[in-house]
S.K.: 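The structure is given below, and queries will be raised subsequently.
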Amino acid sequence: MGNGTSIGRVRGLGSAHEGPHHWLVQRFTAVGNLVTVLFLFVSLVMLPDLQHATVAGWIAEPIPAFMMALLVVTTFWHARLGLQVLIEDYVHEAGSKFAVLLILNLLTFAGAGFGLFSIARLAFGAGAS
């Protein structure tokens with residue numbers, strides 16, 4: 001009892017047991033996004049001005065640099081999870097689904113890498129003229 005219908009057991013159909021994990025990770029990344037965006041907003045409001053040198057000096061400090069990196073990572077991870085659900089639900093051909101998910105993963109890593117590179121460049125002064 002409790003294993004679904006007998007025909008479902010025979011065919012191997014049923015829950016993949018990955019839904020709760022995916023759902024929780026989406027919620028954790030959403031909370032991470034909220035916390036890091038609030039930190040960014042409050043920190044920028046507290047700066048004396050928003051000149052490039054002021055913001056570059058602020059982001060060169062360890063905590064703001066870490067929070068900005070965390071914002072980039074959680075934002076791209078959250079977007080990837082949400083788009084993955086859309087693709088799994090609405091793309092029905094196996095080959096197309098695989099190709100789209102592969103492209104999604106590549107774009108996610110590329111976007112996050114570019115964001116982290118930009119933060120590091122600004123934090124370490126390579127962007128300052």
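These numbers come from a predicted model, not from an experiment.
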S.K.: Are V85 and L24 grouped together when hydrophobic residues (ILVMFWY) are joined by side-chain heavy atoms under 4.5 angstrom apart?
M.R.: no
S.K.: With rounding to the nearest 0.5 Å, note down the distance linking CG in L70 to CH2 in W77.
M.R.: 10.0 Å
S.K.: Side chains of V31 and T74: does their closest heavy-atom pair fall under 4.5 Å?
M.R.: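 Counting from C-beta outward, V31 and T74 never come under 4.5 Å.
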S.K.: Can you measure from CZ (F114) to CD1 (I119) and round to the nearest 0.5 angstrom?
M.R.: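 So the CZ of F114 and the CD1 of I119 are separated by 10.5 Å.
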S.K.: Once rounded to the nearest 0.5 Å, what's the spacing between atom CG of L44 and atom CG of D49?
M.R.: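 Reported value, rounded in 0.5 Å steps: 11.5 Å.
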S.K.: Give the cluster check for L86 versus V91: same hydrophobic cluster or not, with ILVMFWY residues linked at side-chain heavy-atom distances below 4.5 Å.
M.R.: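 In one cluster with L86: V91, yes.
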S.K.: Are more than 12 heavy atoms from other residues, nucleotides or ligands located less than 6.0 Å from atom CD1 of I63?
M.R.: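 No - once you tally the heavy atoms of other residues, nucleotides and ligands closer than 6.0 Å, there are 12 at most.
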S.K.: Does E88 offer a backbone N or O that forms a donor-acceptor pair with the side chain of K97 under 3.5 Å?
M.R.: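 Yes: the side chain of K97 pairs with the backbone of E88.
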S.K.: Indicate the atoms forming the closest heavy-atom contact of L104 with R80, along with that distance.
M.R.: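 Shortest heavy-atom separation between L104 and R80 comes out as CD2-O, 3.8 Å.
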S.K.: Looking at OG of S118 and CZ of R121, how far apart are the two atoms once the value is rounded to the nearest 0.5 Å?
M.R.: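 These two atoms lie 8.5 Å from each other.
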S.K.: Determine, step by step, whether L40 and M67 satisfy the side chain to side chain contact (heavy atoms under 4.5 Å, CB included) criterion, reporting the C-alpha distance in whole Å, the side-chain angles of both residues, the deciding distance to 0.1 Å, and the verdict.
M.R.: CA-CA 8 Å; L40 172 65; M67 292 298 283; over 6 Å; no
S.K.: Would a hydrophobic clustering, with Ile, Leu, Val, Met, Phe, Trp and Tyr connected at side-chain separations under 4.5 Å, put L83 with W23?
M.R.: no
S.K.: Between the main-chain N or O of L50 and the side-chain N or O of T54, is there a donor-acceptor pair closer than 3.5 Å?
M.R.: no
S.K.: Taking atom CD1 of I103 and atom OG1 of T108, what is their separation to the nearest 0.5 Å?
M.R.: 11.5 Å
S.K.: In the structure I gave you, are the side-chain heavy atoms of W58 and M68 within less than 4.5 Å of one another anywhere?
M.R.: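 They are in side-chain contact.
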S.K.: Honestly curious: do V35 and F39 fall in one hydrophobic cluster under the side-chain, below-4.5 Å linking rule?
M.R.: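 Looking at the clustering, F39 is in the same group as V35.
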S.K.: Looking only at heavy atoms, what is the nearest atom pair of A123 and A60, with distance?
M.R.: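 Smallest heavy-atom distance, with atoms named: O-CB, 3.3 Å.
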S.K.: Could you pull out the closest heavy-atom pair between A112 and V72, with the gap in Å?
M.R.: O-CG1, 3.7 Å
S.K.: Hydrophobic clusters here meaning ILVMFWY residues chained together by side-chain heavy-atom distances under 4.5 Å, can you tell me if V73 and L122 are in one?
M.R.: yes
S.K.: When rounded to the nearest 0.5 angstrom, what distance separates CG in N105 from CD in Q84?
M.R.: 7.0 Å
